[in-house]
There are 2 protein chains.
Amino acid sequence: MPATIRDVARVAGVGLGTVSRVINNSPQVSDPTRRRVLEAIEALDFHPSPIARRLSLGKTLTIAAIAPFFTRPATVERLRGVELTIAGTEYDLIVFSVESPERRDATLREVTRSQRVDGALVISLPPRDGELETLQASPVPVVLIDVNNPEMEGFSRVVVNDFEGGRRATQHLLALGHRRVGYISDPFDEPFLYTASRMRFQGYQQALQEAGIEPAEVWHQHGEHGRYEAERLAIALLSLQNAPTAIFAASDTQAIGVMEAARKMGLNVPKDLSVVGYDDIELAEYMGLTTVRQPLFESGAEGVRLLLQAIADRSAPPRTVRLQTEVIPRRTTAQPRDGDAP
Amino acid sequence: MPATIRDVARVAGVGLGTVSRVINNSPQVSDPTRRRVLEAIEALDFHPSPIARRLSLGKTLTIAAIAPFFTRPATVERLRGVELTIAGTEYDLIVFSVESPERRDATLREVTRSQRVDGALVISLPPRDGELETLQASPVPVVLIDVNNPEMEGFSRVVVNDFEGGRRATQHLLALGHRRVGYISDPFDEPFLYTASRMRFQGYQQALQEAGIEPAEVWHQHGEHGRYEAERLAIALLSLQNAPTAIFAASDTQAIGVMEAARKMGLNVPKDLSVVGYDDIELAEYMGLTTVRQPLFESGAEGVRLLLQAIADRSAPPRTVRLQTEVIPRRTTAQPRDGDAP
DNA sequence: CTGTTAGCGCCTTCAA
DNA sequence: TTGAAGGCGCTAACAG
């Protein structure tokens, strides 16, 4: 049986309130008394029960992270930022990996109930119909990481400047001399979806227009997220007459599909085709993929900070932290083989 | 303020003991009473406080997973198995990502203290000096996943049959006609380290000997785990006169280093060099890497089951679950270019 | 400064 | 079958 605060009090010959004060570093304990208590604690190898503490404090000292753990490698890096940041606090982190819509709803509802956790981090999960209400009604603070939908203003969020990211990626290609640049992404016409693809697209358009190029509609291909679908889309794109000499993919995973398409079509990357991804997942470095890096680890860390603040001050207005992107040039981008003069 | 059991009792017009019985599905409640209580619960949107429940029960209803989250991609897949299996139970999962030796020790000690969690899963962390004692003295049950050291017998564990895995990988190469097969791994001469590499090596040796081949000492190169070190080792190996025509690497990460070495040396894989990895991380599929798959997800799931059993019955003897491996042939292995006749 | 007391919300006897 | 009471270990308010 582990020692309790009462045992310590008895051994130290003090009341148990005093022991509590010592544990919580209350200044109002005399030095000699404190020493006696400390000795007793040491002697008994006493550690306060976190659960009793929580019940008494009326706090769970726990925060939840809800994320699609494994569908996107980037999420893991975000979680790492979350975990390491939380490790320095008195909070525990409990994680929920949501992979199915049912679990997603259930988890969200359970977590946003009070008594369960003191706050929740929702990572890379664009809200679906009805969830917005769940979140807004949540008695526990929620911070969104990598959820960039306009509907989500009003929540504290950590987002990346996707418009700027798309613009920078495209500018990188333009600077190399490309004039026909394709864009492959998830679809973005549904109201409640991941809007990153759309923002990146707008940045892409903007960059082209700034360079005096009117983006052709066929240059934009979209389909379900994933390597194979992206491969299919790239083949379509590259089969056009006057096909793009460069493709910007809305994620590294999709960029990999693009490269696979090039391989199958006998196109050399980067000589025949330049490819830029987005995310800078670990795989990207190995493959030498030029990509747009977003501060993944930092996004998790920042999310924790926002959440802790929100917990400390419930009435504080929501804040948005917007992180910047950076193009990482590697081996998949180069000048186009043929000049592309008008 | 969320409703408490007392509110429910008042609304239902019963004593609060009865409400508790209903919550816990005690059979000794009459149907009409149960119905009234259920209605009150519904009306008040009552959810029992997990914390109060834990304090009263004297259980934390929480289990900890300690793992080097991100240094090995395989770990993430194991965690996924852990998370999904736990999700079906009343337990919470709290995770600790240990990346430094200090945190490692601190976490282990904290977690193995009672009051903190009901059980702990230690994943892919070979014990270091002194930790064995910490673990053995642990009042909370501990299950080891992917910790195959002989010193760890006595603990419940989920391990993979690494000897057999090494043997199968090598047999695959032998069946293709290779006679000179190299092996690249972490070092395995320290007493307290990850023994998987050694077991795989023994399987490798066994397979060669069964084929009437005496493995040359120089065929085995070892160094710190990682892609770049493996690349260095592979270059050394391939620079030998009478260099191996195939290399078996103790992990996919290292196999990638080997392939990078081949690329730099102008060797075609698999025509000039066959490569086999180990783990079947996601990257392996993309790269077409022939590898030895171990049931990662399943190892996590199985670990949870073992732990839950151990929690339910503290006096049960430790059990070892040994999972099997499987060679996944892909595009990095083929017949050697030149016959290798004696 | 320090001891005592009253909860925190729930579970579990013990009686009735 | 049900109500009431005691206790889980700790914190905080109140006396002294």
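Sequence lines set the chain letters: A, B, ... in the order given, protein chains first and strands last, and positions in each chain run from 1. Keep in mind that this is a model prediction, so the values were computed, not measured.
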Return yes if a side-chain donor-acceptor contact under 3.5 Å exists between B/Ser299 and B/Arg78, otherwise no. yes
Under 4.5 Å between any side-chain heavy atoms of A/Phe155 and A/Val143, yes or no? no
Once you round it to whole Å, what is the distance between P of C/dC10 and CD1 of B/Ile41? 10 Å
Could a donor-acceptor pair under 3.5 angstrom be found where the side chain of B/Ser20 meets the base of C/dC11? no
Proximity to the side chain of B/Val29 - top-ranked nucleotide from D/dT2, C/dC10, D/dC10: D/dT2
Winner on side-chain proximity to B/Ala52, out of D/dT11, C/dG9, D/dG9, is C/dG9
Using a 6.0 Å cut-off, check whether atom CD of A/Glu42 has over 12 heavy atoms from anything other than its own residue. no
Nearest whole angstrom, please: distance from the P of C/dC11 to the CD of B/Gln28. 14 Å
Identify, between B/Ser30 and B/Leu57, the residue whose nearest nucleotide on DNA chain D lies closer to the 5' end. B/Ser30
How many Å lie between NZ on A/Lys59 and C1' on C/dG9, as a whole number? 18 Å
Answer yes when B/Arg54 and B/Asp92 have at least one side-chain N-carboxylate O distance shorter than 4.0 Å, and no when they do not. yes
So among B/Val304, B/Leu306, B/Leu307, B/Leu121, which one has a side-chain contact (heavy atoms from CB on, under 4.5 Å) with B/Val158? B/Leu306
Does the pair B/Val140 and B/Arg116 meet the rule for a side chain to side chain contact (heavy atoms under 4.5 Å, CB included), with working shown? CA-CA 9 Å; B/Val140 327; B/Arg116 199 65 184 72; over 6 Å; no
Between atom CG in B/Asn24 and atom P in C/dC11, what is the gap in whole Å? 5 Å
Degree of bending, the helix from C/dC1-D/dG16 to C/dA16-D/dT1 (end axes from five pairs; round to 10°): 50°
To the nearest 0.5 Å, tell me how far B/Arg157 CZ sits from B/Asp146 CG. 10.5 Å
I'd like a list of close polar pairs between nucleotides 3-5 of chain C and the protein, N/O only, cut-off under 3.5 Å.
from  : atom 1 : to      : atom 2 : distance (Å)
C/dG3 : OP2    : A/Gly15 : N      : 2.7
C/dG3 : OP2    : A/Thr18 : OG1    : 2.6
C/dG3 : O5'    : A/Gly15 : N      : 3.3
C/dG3 : N7     : A/Arg21 : NH2    : 3.4
C/dG3 : O6     : A/Arg21 : NH2    : 2.3

A/Glu99 and A/Ser97: side-chain donor and acceptor closer than 3.5 Å? yes
In whole Å, I'd like the distance from the CZ atom of B/Arg35 to the P atom of D/dT1. 15 Å
Atom-pair distance (CD1 on A/Ile23; C1' on C/dT2), nearest Å: 15 Å
Measure the distance from CZ on A/Arg116 to P on C/dG9 and round it to the nearest whole Å. 17 Å
B/Arg10 atom CZ is separated from C/dC10 atom P, nearest whole Å, by 13 Å
Looking at A/Arg53, I'd like to know whether one of its side-chain N or O atoms comes within less than 4.0 Å of OP1 or OP2 on D/dG9. no
Does the side chain of A/Ser315 pick up a donor-acceptor pair with the side chain of A/Asp313 at under 3.5 Å? yes
